[in-house]
Every structure is written in structure tokens, then in C-alpha cells.
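Each remark here refers to the structure printed beneath this line.
First listed ligand is number 1; within each ligand, the first listed atom is number 1.
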Amino acid sequence: MTAVGIDAVEIRTGKLELDLAETFAPAKGESPEKYTKGLGLHASSFPDAYEDIVTMGANAAHRLMERKGLEPDDVGRIDVATESAFDNSKPVSTYIAGCLEQVYDGDFHHANKGERKFACVAGTQSIDDAYNWIRAGRHRGRKAIVVATDTALYARGDPGEATQGAGAVALLIGEDPDLVELSPEQGFGSADETDFLKPNQQFPSVDGKRSVQVYLARMREAVEDFESVWGEIEPEDFQLVPFHTPFPGMVQKAALLGFRHMTRNTGIEEALAAEIGRQPRPEAFDDEDAFRDAISEYTDKLKETETYAEWYDDVIEPTLTISRQVGNWYTGSVHVARISSLKQALEAGEDLTGKRLLVGSYGSGAQAEIHAETVQPGWEAEIAELDVDEQLESRYSISFEEYEHIHDVHNHDTDTQADAEEFTTPEEEFVFDGWGRMGERKYRYVE
Ligand SMILES: CC(=O)CC(=O)SCCNC(=O)CCNC(=O)[C@H](O)C(C)(C)COP(=O)(O)OP(=O)(O)OC[C@H]1O[C@@H](n2cnc3c(N)ncnc32)[C@H](O)[C@@H]1OP(=O)(O)O
């Protein structure tokens, strides 16, 4: 069976940076450590006044096409995953295709375009759609572009304000991929939940504490479902484990539970037994509360072991580096985690070819998905092409007052974007260019 997977990726961050410890925490009267240690975040990315989900997505897709030498005819599908759409009918993918058509001779008239919605898991679902389209033999040798793009803003004063972010990831899906092959095996954990939603409103209604518990519960179900088709997973099976990362502290919680699950009935559990005992089993307890207390106590001890710390440093920490600097990109977040982990491996000189990633996606509402990826021989060349560091370093650092301004600029109710103050100067990129006669957003390419 021909391998199908991710051939290439590109990333586009919003051009503004809010320092959470130095700028946001003092303005909020909070300790900087809540951000840097508690949530694990140092900064958030925000779009400048001329940026939005379309420009970030189109700029990422443009660089992807240029780098891979693609013309519009080579692309049979453009799917956009977003939680930040500004139109209930016209998909963002048509806007992005329209932008790209400004800079290419050809067009995307024969490409299937769509928009996927299921909170943050929609990016992974769009990759699934592309995978299935190729596997079904309907692609006519063409590739799919998936764009995960979001401006993850919360209402001012909402606890989620600490975890905001904005950026896009563009992924090229095709046969014989250069980056990773996707496993046909998948696991799902899906339930009707009311943890985070946007009922016809821009900013989310969110029950933050509950959303953390729902994330963990659905992720656990997805792991169990994945194991039912893949077989039991053990820590040494996977070199890196990128998770959906609303903030790194969330991943710390998920990783600890994941490690506990993966080590049950393994030599690792046995080796740790002398130090912290064996994992409590429910059948050994008369009531559920006693079991919960015992497993919670075991988990606390597990977290403090050297075995866990080493696994975490090797397998999880590399996935969080970019997230710490950009915040939550919703649909793009798990794909940022994958990029971060491969970039760290490249910089450490690791040979990942043939090694496996276990990828955990999550969307509120709620659904988790787990699948495996096998790293392909072309991965080093692909990751070496990324300009993530340059983008992060060149962001304009905003003051708290400038943050208040830019939050208003991107608030759909304030209608101030068209003539808002800009902090950076666009160059060789798509920019927002005001509204048309039917309320559509317009874009142009700046040389
Ligand atoms: C949105 C998605 O993308 C989908 C999902 O993944 S849902 C799961 C994640 N949910 C979200 O991201 C929702 C949006 N975020 C939020 O609502 C909030 O940011 C939040 C609920 C996550 C946290 O809100 P909060 O109540 O203001 O923070 P709080 O719980 O007090 O502090 C956060 C952490 O920092 C720690 N902390 C606080 N002050 C600290 C300090 N001075 N030093 C060290 N740590 C500190 C806290 O102990 C806490 O850690 P634990 O969870 O391990 O206890």
C-alpha cells in the first residue's frame, strides 16, 4: 500500500507578541509564575491590524506551494479548519484560494474546497479527509492542502485570556510523503460535552476547569480505542508524543496519565515498584473513592520519579517549545506541537527516520483522536526549510495598552479593523484590504 501522509508543513505566526510574564501578568496584578510555571506559557502571538485567519493561512499556504514547486493544478483539495470563521456560509478556503490566485497564473477551479468545524480537532479531521480522498483514489495524482488557522481570542477578563494566540499551519498531504506517514489505525473518544463553545458569538463561553477534565477523559477513551486496533502501546514504541496544546500545563497533565497508562503491566512498572509500589488496580478496592485516592497518590509519586522525568524530557518537552512562545492556535495547535518536536530533534542531531510519533488531537465539545505517524527519510530537509525562529524573533512586542487596542481591532463587534493602527509593515504577503459591497472581506498581495 502506497504511503500517505504529510509531505510538508509551513507555519505562520501572527506578527505581534505579548509577553505574559513581563507585560500581561503585572497589568492583571498576577504572579508571572502563574504563566511561566503554572500554564507553561511565556508569550502569545497576535495578528497585526492587517492580518487575520485568511492572511495567515494564505501566507502559510503560499510559502508551502513555493517551497514544494507547486502550481494550482497540482492541488486537488483545499480544506480549512478554523474556530474563528467570520462567515456562516462562504468557507475560508475560498478566500485563501482567491488570495493564492492573485500570485499564480493558474487557478483552483477544479479543487474541492471546504471548511471543517469541530473545535481544535478539526485540523486533524481535515487531514483525515485528505487521507481518505487519496486512499479512495479520487485525487488524480494531486495533493491536498490543509490549513489550520485561528485567532484564538477570549473575552477580556475571561480566565482563557491567558492562553490566547494566533497563527496558521499549512500542511501538504500526499502519497510518498517526505515528512510522516499516517497510520490507518485511529482511536476516538467522543461525547456531547458543554465545556467550550461559541453559540453564534466570536468569543468562547468556556468552563475552563471542566474543559481540562473533559480533555483528559476524552483523550483516555481515544487511547483505549486506538489500542483496540493497534495493540497495547508502551513508552518505547514512540519517540515523540505531540498533543493538542492549549497551554503546556495541560499537556503535562495528559502526559502523566498517558505514561501511567502505558507503563501498566510493563517492566517499567515492575522496575518502579520498589520505589513507589505497583499501580493500584480497581478490583483491589471495595469502593471507588478509595481506589481514586490510591491511584491519585500513586500518580503523584510517579511524577517525581527519575524514570518519568527522563521520559517526559525526551518525548514531551520537545513538543512544547513553540507553544510556550505563541499560545493556543486552536486547530493548528497539535500541528505546531509536531513541528516543534521534529525541529528539536533536528537541532539535537537525532536520526528519526523510521521512528514513530503518537499524536493526540483534541477538540472541545468534545472529541479526542489518536493515531501514529512514521517519520520519513525526507524529514530533516523539510524541517530545515522552516523559518519559525525568524518569524518568532521578528514579532513586534506590544505593551498592555497596545494589546487592548489590538484585541478591540480583532473584535468583530467593534468594526475598527479597516483603519486601525498597524505596528509592523507588510512585505511580500497577503493583507486584509477592507470590506466589499456584500460585506465580504477583501485581500491583496503586498510586494
Ligand atoms: C480551548 C482548547 O484549545 C480546547 C482545550 O484544550 S480545553 C482544555 C484546556 N482549556 C482551556 O484552554 C480553556 C481556556 N483556559 C482557561 O479557561 C484558563 O486559562 C484555565 C482554566 C486553564 C486556567 O485558569 P485560571 O483559573 O486562571 O488558572 P489557575 O488554575 O488558577 O492557574 C493555572 C495553573 O497555574 C498554577 N499557578 C497559579 N499561580 C501560580 C504561581 N504563582 N506559580 C506556579 N504555578 C501557579 C495553578 O496551580 C494551576 O496549575 P494546576 O492546574 O496544575 O493546579
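- The shortest N/O to N/O separation between D195 and ligand 1 does not fall below 3.5 Å.
- Of the residues listed (F203, F46, F400), the one engaging H407 in a ring pair (Phe, Tyr, Trp, His ring centres under 6.0 Å) is F203, and it is the only one.
- Annotation: H244 places an N or O atom under 3.5 Å from an N or O atom of ligand 1; distance criterion only.
- Nearest to atom 30 (O) of ligand 1 among the protein's heavy atoms is K209 NZ, 2.4 Å.
- The nearest heavy-atom contact from the protein to atom 49 (C) of ligand 1 is G38 CA, 4.8 Å.
- Checking E402 against Y396 by side-chain atom types alone, a donor-acceptor pair falls below 3.5 Å.
- Checking atom 47 (C) of ligand 1 against the protein gives no heavy-atom contact under 4.0 Å.
- Of the protein's heavy atoms, none falls inside 4.0 Å of atom 20 (C) of ligand 1.
- Of all protein heavy atoms, the one lying nearest to atom 4 (C) of ligand 1 is S364 OG, 3.2 Å.
- Residue nearest to atom 1 (C) of ligand 1, selected from F247, Y154, Y35: Y154 (by heavy-atom distance).
- Residues H261 and E227 have side chains that bring a donor and an acceptor to within less than 3.5 angstrom of each other.
- Between atom 25 (P) of ligand 1 and the options K34, K37, M219, K28, the minimum heavy-atom separation is to K34.
- Closest to atom 42 (N) of ligand 1, if we only count protein heavy atoms, is S31 OG, 3.2 Å.
- Nearest protein neighbour of atom 15 (N) of ligand 1, counting heavy atoms only, is G160 CA, 3.6 Å.
- A donor-acceptor contact closer than 3.5 angstrom is absent between the side chains of Y215 and E193.
- In terms of polar-atom proximity, N328 is counted as a contact of ligand 1, with an N or O under 3.5 Å from an N or O of the ligand.
- Proximity of K253 to ligand 1, defined as any heavy-atom pair under 4.0 Å, is confined to the side chain (atoms from C-beta onward).
- The environment of CZ in R220 is sparse: at most 12 heavy-atom neighbours from other residues, nucleotides or ligands sit within 6.0 Å.
- At a heavy-atom cutoff of 4.0 Å, ligand 1 is contacted by no atom of A162, backbone or side chain.
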